[in-house]
Amino acid sequence: MTKTAAIIGGGVIGGGWAARFLLNGWNVRVFDPDPEAERKIGEVLENARRSLPGLSDVPLPSEGTLTFHDEMAEAVKGATWIQESVPERLDLKLRVYKSLQEECDPGAIIGSSTSGFKPSELQEGALRPEQIVVTHPFNPVYLLPLIELVPTEKNPSEMVARAQDLLKSVGFFPLHIKKEIDAHIADRFLEAVWREALWLVKDGIATTEEVDEAIRMGFGIRWAQMGLFETYRVAGGEAGMRHFMAQFGPALKWPWTKLMDVPEFTDELVDLIAEQSDAQSGMHSIRELERIRDNNLVSMMRALKAQNYGAGAVLNQHDALLKPGALPTLEQADLTQPILTLSRAVPLDWTDYNGHMNEAKYLEAFAAATDRFMEIIGCDMDYIASGGSYFTAENHIRYIDEVHAGARIQIRTQMLLGQGKKLHVFHSMYEGEKLLATGESFLLHVSLETRRPSAPSPEIEAAMAQIAEAQAGLPYPEGAGAAIRKPA
Ligand SMILES: NC(=O)c1ccc[n+]([C@@H]2O[C@H](COP(=O)([O-])OP(=O)(O)OC[C@H]3O[C@@H](n4cnc5c(N)ncnc54)[C@H](O)[C@@H]3O)[C@@H](O)[C@H]2O)c1
């Protein structure tokens, strides 16, 4: 059954939560008194649709339904998850819980996006404190996996486990923080770095741009893949962490850091920073900067995915949750028709300077469809490990229509020949009913030991014969066997 999330407060953060749930197949109800809320959430959603679905190599569930409600009671009734993202004021948050708890299901989880308050502060005086936890996200909520999940001893462990499962099911990485503290974990680092950066700018040591370069050209990339401790362990060389601490530990006592001493936010400092920031980034609108950010995040996260590391490993785990049933097996497919061998959204890192899918990525998509076809006939990872596989001998791609980031594409595959060591397939790529491209591949079965053509297993032969017989009635596809014509 489709689950429902209620989003209380639909600003930057609430909008991100709404998009994350919606694109993962949940119905989403929003309550936000701001008459602009619908427009603002629409803009977040537009960014999310462009960037989130393509992070997965399998299709996300069909989008849920988004509704806006004038009454909070209506939004929370029957919801499985209620996410509070109203402004960061304790009195307001407590008032919101009071009225929503009168209406919501006692089994629902109420997560707060609060950046700073402890869960015990949020539970104070609540009708059912055990229902409220901190689930602190990071902007853009539709892309970044981290959720700091902070419960208190009032939250039953069953509820915490359920919260973790539900968060994982929409692609988050819930980090269970066992002991509450103001501002949780991540924002404490960010505050420390922010403090130092403000001093550097105020004291005229660096501009806002120089501070940003110092981060993004170096340790920012390092942090994104290994974090702090694992990076330092490597920096310690073979002697590892102990050596690193012995070498650099004493430096912490040198007068490098201003520690808790915060520069006063005088008009002068605010002007200085705002002016430098305008000079650095004012040529881009916020909307442009969001898109630049999302393009970069998606590209980095998909690169980490190929390494199965950090945030990339989380994406792979989410794909594994979505994969069962996403594509038909030999038994499930209607073999009289071309077989569905790929279904996914076009990721942002597949598009080029023309704003559409790069020609090389069509081959990547067709190669994934060929891999899936191989799996369907029994040439799966176990079979390959046993010493047989298919090598591609020839490909021919026809580019028929444009396709853009976020588009949901499907590939259907007709087998033109599957006999002995030869496998000849014809893939057609669609967006809805629109034909985008065709890819024709000729493959040879090889022995991975001799690297020479060899006969496949009898099981593969049998599967190919079954498909050949079922697809015998299909017309030979238009465009198959084509070559580039000689200019007239
Ligand atoms: N901005 C960030 O980077 C960030 C990151 C993580 C967490 N947070 C936390 O998320 C929460 C929301 O922050 P934001 O940046 O989205 O703020 P925001 O100002 O963009 O959005 C707050 C929204 O709440 C609505 N609102 C106000 N009163 C309401 C009420 N009584 N009921 C329902 N909606 C109401 C407002 O109309 C507004 O749309 C805060 O607790 C903040 O600490 C923010």
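Note that the coordinates shown come from a computational prediction; the quantities given were computed from them, not determined experimentally. Remember, it's 1-based here, ligands and their atoms both numbered in the order they're listed.
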Student: To which protein heavy atom is atom 30 (C) of ligand 1 closest, and what is the distance rounded to 0.1 Å?
Tutor: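 Its nearest protein heavy-atom neighbour is V86 CG1, 3.9 Å.
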
Student: Is it true that R29 and E71 have a side-chain N and a carboxylate O under 4.0 angstrom from each other?
Tutor: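 Answer for the salt bridge query: no.
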
Student: Does S85 have a heavy atom less than 4.0 Å from any atom of ligand 1?
Tutor: yes

Student: Identify, by atom number and element, the atoms of ligand 1 in contact range of H136, meaning under 4.0 Å from any of its heavy atoms.
Tutor: 6 (C), 7 (C)

Student: Taking only non-hydrogen atoms of D187, do any sit less than 4.0 angstrom from ligand 1?
Tutor: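 Judged by the 4.0 Å heavy-atom criterion, D187 does not count as contacting ligand 1.
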
Student: Please list, in number order, the atoms of ligand 1 under 4.0 Å from a heavy atom of G11.
Tutor: 16 (O), 20 (O), 21 (O), 23 (C), 39 (O)

Student: Heavy-atom distance under 4.5 Å between the side chains of R408 and S343, does that happen here?
Tutor: no

Student: For the residue pair T208 and S277, what are the closest heavy atoms and their distance?
Tutor: OG1-N, 3.6 Å

Student: Check each atom of ligand 1 against the heavy atoms of F31 and keep those under 4.0 Å away; list them by number with element.
Tutor: 32 (N), 33 (C), 34 (N)

Student: State plainly whether the residues E43 and R287 are in salt-bridge range, i.e. N to O under 4.0 Å.
Tutor: yes

Student: Looking only at protein heavy atoms, identify the closest one to atom 41 (O) of ligand 1 and say how far it is in Å.
Tutor: E88 OE1, 2.5 Å

Student: With the threshold set at 4.0 Å, does a side-chain nitrogen-carboxylate oxygen contact exist between D349 and K361?
Tutor: no

Student: May I ask you to identify the nearest protein heavy atom to atom 8 (N) of ligand 1, giving residue, atom name and distance to one decimal place in Å?
Tutor: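 Going by distance alone, atom 8 (N) of ligand 1 is nearest to S115 OG, 3.2 Å.
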
Student: What atoms of ligand 1 come within less than 4.0 Å of a heavy atom belonging to K93?
Tutor: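 Those qualifying, in numeric order: 40 (C), 41 (O).
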
Student: Report yes if some N/O of E84 lies less than 3.5 Å from some N/O of ligand 1; otherwise report no.
Tutor: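 Between E84 and ligand 1, no N or O pair is found under 3.5 Å apart.
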
Student: Go through ligand 1 atom by atom and flag the ones less than 4.0 Å from a non-hydrogen atom of D34.
Tutor: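 Listed by number with element: 37 (O).
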
Student: May I ask which of P137, G116, A183, G16 has a heavy atom nearer to atom 6 (C) of ligand 1 than the others do?
Tutor: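 That would be P137.
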
Student: Verify, without hydrogens or angle tests, whether R50 (side chain) and N295 (backbone) share a donor-acceptor contact under 3.5 angstrom.
Tutor: no

Student: Using a 4.0 Å cut-off to any heavy atom of S113, which atoms of ligand 1 qualify?
Tutor: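 Here the atoms of ligand 1 in question are 7 (C), 8 (N), 9 (C), 10 (O).
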
Student: How far is atom 20 (O) of ligand 1 from the closest protein heavy atom, and which atom is that?
Tutor: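 The protein heavy atom lying closest is V12 N, 3.2 Å.
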
Student: Does a side-chain N-to-carboxylate-O contact under 4.0 Å join E74 and K77?
Tutor: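 So E74 does not pair with K77 through a salt bridge.
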
Student: How far is atom 38 (C) of ligand 1 from its nearest protein heavy atom, and which residue and atom is that?
Tutor: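 Protein heavy atom with the smallest distance to atom 38 (C) of ligand 1: D32 OD2, 3.4 Å.
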
Student: Answer with yes or no after comparing the ring centroid distance for F31 and H69 against a 6.0 Å cut-off, counting only values under it.
Tutor: no

Student: Side chains of I109 and L166, heavy atoms from C-beta outward: is any pair under 4.5 Å?
Tutor: yes

Student: Checking a contact table here: which protein heavy atom is nearest atom 14 (P) of ligand 1, and how many Å away?
Tutor: I13 CG1, 3.9 Å

Student: Look at R188 together with E191 and state whether they make a salt bridge at an N to O cut-off of under 4.0 Å.
Tutor: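 Here R188 does not pair with E191 in a salt bridge, since their nearest N and O are not under 4.0 Å apart.
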
Student: Indicate, with yes or no, if the rings of F172 and W17 have centres closer together than 6.0 Å.
Tutor: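 Yes, close enough.
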
Student: I'd like to know if D57 pairs up with R302 as an ion pair, taking the criterion as any Lys NZ or Arg NE/NH1/NH2 lying under 4.0 Å from an Asp or Glu carboxylate oxygen.
Tutor: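 Counted as a salt bridge, because a side-chain N and a carboxylate O are separated by less than 4.0 Å.
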
Student: Could you tell me whether atom 16 (O) of ligand 1 has at least one protein heavy atom nearer than 4.0 Å?
Tutor: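 Given the 4.0 Å cut-off, atom 16 (O) of ligand 1 counts as touching protein heavy atoms.
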
Student: For atom 26 (N) of ligand 1, what is the nearest protein heavy atom, given as residue, atom name and distance?
Tutor: P87 CD, 3.8 Å

Student: Answer yes or no for atom 10 (O) of ligand 1: protein heavy atom present at a distance under 4.0 Å?
Tutor: yes

